[in-house]
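This report concerns only the one structure given below.
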Number of protein chains: 2
Amino acid sequence: MANLKYSKQRETIKEYLRSTTEHPTADMVYDKVRETFPNISLGTVYRNLNLLVNEGEAIRISCGDSSERFDGNTSNHYHFMCTKCHRVSDLFNIESLDHINALAANNFNGVIEGHVAYFYGICEECKGK
Amino acid sequence: MANLKYSKQRETIKEYLRSTTEHPTADMVYDKVRETFPNISLGTVYRNLNLLVNEGEAIRISCGDSSERFDGNTSNHYHFMCTKCHRVSDLFNIESLDHINALAANNFNGVIEGHVAYFYGICEECKGK
DNA sequence: TTAATAACAGTAATCATTGCTAATATTGTG
DNA sequence: CACAATATTAGCAATGATTACTGTTATTAA
């Protein structure tokens with residue numbers, strides 16, 4: 001698709017995203033990757049995150065928070081955000097909600113191509129507190 | 001709930017939100033309300049939009065765009081965003097999608113309180129082009 | 001080996017949003 | 001009505017997330 005050249009920095013970012021389920025922000029990725037590349041710049045992190053999303057190697061998650069989050073798991077799944085601790089977790093229990101596209105298409109004169117959805121509530125860890 | 005005092009500025013913002021279906025950003029509200037109050041400041045617009053959302057007089061819509069949008073229609077409904085023109089429109093045809101909360105709650109150990117969802121695709125106006 | 005060019009670190013700039021402050025408007029009470 | 005308490009305002013500075021720029025370095029293909 002594009003003329004991408006290999007870079008150690010991008011590879012490290014991709015590996016980190018694949019290894020974690022914490023759905024990090026760009027800043028969290030920056031902090032983590034600096035353990036390997038102490039001089040990496042935040043701009044490089046942002047540029048590579050965008051490249052990875054464009055290449056389909058990562059997903060951008062917008063949960064209304066001030067900053068975006070990224071997910072190295074590109075399989076189709078939904079997310080849950082805890083309103084107490086603001087952590088984002090994966091919901092692998094739902095197969096697909098694509099049937100709601102048909103509901104939305106009813107009496108609608110445009111073309112529904114898809115949807116964005118996430119759930120919120122209290123996560124298991126925060127429930128007891 | 002709060003100790004709110006009346007203000008012409010807030011009333012004008014509220015009226016505008018109620019009168020339109022264009023789901024304006026803070027900047028669009030600013031441009032509109034400046035027709036009535038040429039000296040109103042953008043900070044006043046932001047503060048009043050936040051107040052109106054807190055009072056339940058408006059809804060904040062986050063569609064992954066760079067800026068938030070606001071809706072004076074507080075009845076329960078979903079939104080559609082055109083990927084071509086980026087306009088947001090209302091979907092009054094769907095009653096409710098609350099059944100997806102139960103789907104998400106399956107085999108999930110936290111508490112699902114609700115969901116955020118919007119649809120995307122091509123709007124009627126952009127379809128022909 | 002070299003030439004072309006993508007990627008880099010460092011830094012400045014942008015954009016949306018919030019915070020601050022002194023002046024003004026609203027509201028309840030005497 | 002007058003007045004005191006205080007919410008609201010305009011104007012502007014500050015913040016935070018993200019992107020743009022620039023001169024140098026790394027990757028790649030011939």
Side-chain angles (χ1 to χ4, degrees), chain A residues 1-17 22-71 81 86 88, chain B residues 1-17 22-71 81 86 88:
Chain A
M1 180 165 290
N3 287 338
L4 286 190
K5 282 183 180 168
Y6 172 87
S7 94
K8 300 186 283 295
Q9 288 88 338
R10 179 158 59 241
E11 207 58 25
T12 304
I13 292 172
K14 194 204 293 188
E15 284 310 309
Y16 169 53
L17 284 183
E22 67 170 351
H23 308 88
T25 63
D27 234 45
M28 292 160 75
V29 174
Y30 179 53
D31 283 346
K32 185 69 184 184
V33 177
R34 241 185 327 175
E35 294 173 7
T36 312
F37 296 95
N39 292 331
I40 197 172
S41 84
L42 186 54
T44 297
V45 171
Y46 271 102
R47 188 167 31 77
N48 279 309
L49 285 172
N50 285 332
L51 284 171
L52 291 172
V53 169
N54 286 342
E55 295 288 303
E57 309 261 21
I59 290 170
R60 185 194 313 275
I61 311 172
S62 307
C63 277
D65 253 359
S66 55
S67 37
E68 312 250 24
R69 291 167 173 276
F70 296 88
D71 191 345
M81 165 170 266
H86 285 179
V88 173
Chain B
M1 183 166 286
N3 288 338
L4 287 189
K5 280 182 183 170
Y6 171 89
S7 95
K8 299 186 285 294
Q9 288 88 339
R10 178 157 60 242
E11 207 57 27
T12 304
I13 292 171
K14 194 205 291 188
E15 283 311 306
Y16 169 52
L17 285 183
E22 68 172 349
H23 308 88
T25 63
D27 234 44
M28 292 160 75
V29 174
Y30 178 53
D31 283 346
K32 185 69 183 184
V33 177
R34 245 189 320 179
E35 295 173 7
T36 313
F37 297 95
N39 292 330
I40 196 172
S41 82
L42 187 53
T44 297
V45 172
Y46 272 103
R47 188 168 30 76
N48 280 309
L49 285 172
N50 285 332
L51 284 172
L52 290 173
V53 169
N54 287 341
E55 295 288 302
E57 308 261 23
I59 290 170
R60 184 194 313 274
I61 311 171
S62 307
C63 277
D65 253 358
S66 55
S67 37
E68 313 249 25
R69 290 168 174 277
F70 296 87
D71 190 344
M81 166 170 264
H86 284 180
V88 173

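Remember, predicted model here, so these are calculated numbers, not experimental data. By convention in this document, chain letters (A, B, ...) are assigned in the order of the sequence lines, proteins followed by strands, and residues within each chain are numbered from 1.
The nearest pair of heavy atoms linking B/A58 to B/L17 is CB-CD1, 3.9 Å. Closest non-hydrogen pair, A/Y30 versus A/S41, comes out as CE1-C, 3.9 Å. Looking at every heavy atom in both residues, B/A26 comes nearest to B/L42 through O-CD1, 4.3 Å. For B/R69 against B/H86, the heavy-atom pair with the smallest separation is NH2-O, 3.5 Å.
The separation between A/Y30 atom OH and D/dG16 atom P is 15 Å, rounded to whole Å. Between B/K14 atom NZ and D/dT8 atom C1' there is a gap of 15 Å when expressed in whole angstrom units. Taking atom CG on B/L49 and atom C1' on D/dT8, their separation rounds to 15 Å, with Å as the unit. Separating the CG atom of B/D65 from the C1' atom of D/dA17 is a distance of 16 Å, rounded to the nearest angstrom. Distance A/R10 CZ to D/dT27 P: 11 Å, rounded to the nearest Å. C/dT11 atom P lies 11 Å from atom CG of A/N39, rounded to whole Å. Taking atom CD1 on B/I40 and atom P on D/dA10, their separation rounds to 5 Å, with Å as the unit. Between the CD atom of B/E11 and the P atom of D/dA7 there is a distance of 19 Å, given to the nearest Å.
When each of D/dT9, D/dG11, C/dA7 is scored by its nearest atom to the side-chain atoms of A/R47, the top-ranked nucleotide is C/dA7.
The phosphate of C/dC8 has OP1 or OP2 within less than 4.0 Å of a side-chain N or O from A/N48. Between D/dA10 and B/Q9, a contact under 4.0 Å exists linking OP1 or OP2 to a side-chain N or O.
Cation-pi contact between B/R10 and B/Y6: absent, since separation from the ring centre below 6.0 Å together with deviation from the ring axis within 45° is not met.
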Exercise for the section: Could you encode protein contacts along nucleotides 12-30 of chain C as a string, one character per nucleotide from 5' to 3', using B for base contact, S for sugar-phosphate-only contact and - for no contact, with a heavy-atom cut-off of under 4.0 Å? Expected result: ----SBB-------BS---

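Within the 4.5 Å cutoff, the side chain of A/V45 has no heavy atoms near those of the A/D27 side chain. By the 4.5 Å heavy-atom criterion applied to side chains, B/R60 and B/N50 are counted as neighbours.
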